[in-house]
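Notes follow the structure.
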Amino acid sequence: MRYHEESRLAGVYYVGSVSVGTGDRGKGLGTLVTALSIRDGIDVFACKRVIGIAQPSNAPSRAMLEKCGLFVDPDRATIILSTSGAFQTR
Ligand SMILES: CC(C)(COP(=O)(O)OP(=O)(O)OC[C@H]1O[C@@H](n2cnc3c(N)ncnc32)[C@H](O)[C@@H]1OP(=O)(O)O)[C@@H](O)C(=O)NCCC(=O)NCCS
């Protein structure tokens with residue numbers, strides 16, 4: 001959908017799937033990797049918007065994304081249907 005110019009998601013660059021080892025969390029590594037990904041992604045993909053997806057209960061991920069300049073859009077939610085019951089994202 002992000003490649004179709006008439007899509008609501010046209011020009012969107014997704015950040016996410018960052019994971020830091022449990023022993024190294026809270027040192028700024030997640031924020032650093034995400035910030036670099038956003039910086040380089042904007043250059044490489046010439047995107048118009050950046051979106052990250054985190055579950056409401058994932059406070060570290062939300063804090064990390066907000067530290068990188070993203071904010072919660074109350075008009076937007078992501079719904080994932082999974083027949084296995086497994087989560088696609090945290
Ligand atoms: C989300 C994750 C990548 C963050 O990585 P990290 O290197 O620990 O994060 P940072 O050290 O850069 O911290 C970023 C912000 O989160 C905050 N934070 C960290 N742990 C937190 C917690 N348990 N509750 C609330 N905020 C928290 C930090 O305080 C920091 O904000 P601040 O500098 O304003 O205080 C890491 O927790 C992780 O790997 N989680 C499991 C995988 C996951 O959920 N990935 C995200 C998928 S969407």
Side-chain angles (χ1 to χ4, degrees):
M1 290 170 70
R2 67 181 122 159
Y3 298 111
H4 193 297
E5 62 185 25
E6 292 174 11
S7 164
R8 279 184 72 199
L9 298 177
V12 164
Y13 175 59
Y14 283 98
V15 289
S17 303
V18 172
S19 190
V20 174
T22 49
D24 288 310
R25 289 183 188 168
K27 298 177 181 175
L29 294 173
T31 300
L32 177 65
V33 168
T34 303
L36 291 175
S37 169
I38 292 172
R39 185 197 68 182
D40 293 351
I42 288 172
D43 275 351
V44 172
F45 296 105
C47 64
K48 298 179 195 150
R49 283 179 295 153
V50 177
I51 290 182
I53 300 172
Q55 289 191 30
S57 60
N58 193 340
S61 181
R62 291 170 67 110
M64 177 184 74
L65 293 172
E66 286 176 356
K67 225 177 156 192
C68 290
L70 278 67
F71 59 88
V72 175
D73 181 349
D75 293 329
R76 195 178 292 271
T78 300
I79 298 169
I80 297 173
L81 301 178
S82 163
T83 53
S84 74
F87 282 107
Q88 178 104 7
T89 183
R90 291 182 174 172

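Atoms within each ligand, like the ligands themselves, are counted from 1 in listed order. The figures that follow rest on heavy atoms only: side chains count, while hydrogens, waters and symmetry mates do not.
- Between A54 and ligand 1, no pair of N/O atoms sits closer than 3.5 Å.
- The distance from ligand 1 to the heavy atoms of T31 drops below 4.0 Å at these ligand atoms: 10 (P), 12 (O), 13 (O), 14 (C).
- Distances from atom 5 (O) of ligand 1 to the heavy atoms of L29, V15, V20, D24 put V20 nearest.
- Checked by distance only, ligand 1 and I53 stay at 3.5 Å or farther apart across all their nitrogen or oxygen atoms.
- Placement of V44 and I38 within a single hydrophobic cluster is found when ILVMFWY residues are connected by side-chain heavy-atom separations under 4.5 Å, directly or transitively.
- Of all the heavy atoms of K67, the ones lying under 4.0 Å from any atom of ligand 1 belong exclusively to the side chain.
- Distances below 4.0 Å separate heavy atoms of K27 from the following atoms of ligand 1: 11 (O).
- Here is the list of ligand 1 atoms found below 4.0 Å of a heavy atom in S19: 39 (O), 42 (C).
- Atom CE of residue M64 and atom CG of residue L29 lie 11.0 Å apart, to the nearest 0.5 angstrom.
- Annotation: the span from K67 atom NZ to L32 atom CG amounts to 10.5 Å, rounded to 0.5 Å.
- The shortest heavy-atom distance from G16 to ligand 1 is not under 4.0 Å.
- For the residues L65, T22, N58, the heavy atom positioned nearest atom 44 (O) of ligand 1 is part of N58.
- Y13 contributes a side-chain N or O that, together with a main-chain N or O of S37, makes up a donor-acceptor pair within less than 3.5 Å.
- Side-chain contacts under 4.5 Å among hydrophobic residues (ILVMFWY), followed directly or transitively, place V72 with no other residue at all.
- Taking every non-hydrogen atom of A59 and a distance limit under 4.0 Å, the qualifying atoms of ligand 1 come out as 24 (N), 25 (C).
- The nearest non-hydrogen atom to atom 18 (N) of ligand 1, considering only P60, S61, G28, comes from P60.
- Atom OG of residue S57 and atom CZ of residue R62 lie 8.5 Å apart, to the nearest 0.5 angstrom.
- Partners of T78 according to the side chain to side chain donor-acceptor pair (under 3.5 Å) rule, which considers only residues two or more places apart in sequence or in another chain, do not exist here.
- Residues F45 and V50 form no side-chain contact, since every pair of their non-hydrogen atoms from C-beta on lies 4.5 Å or further apart.
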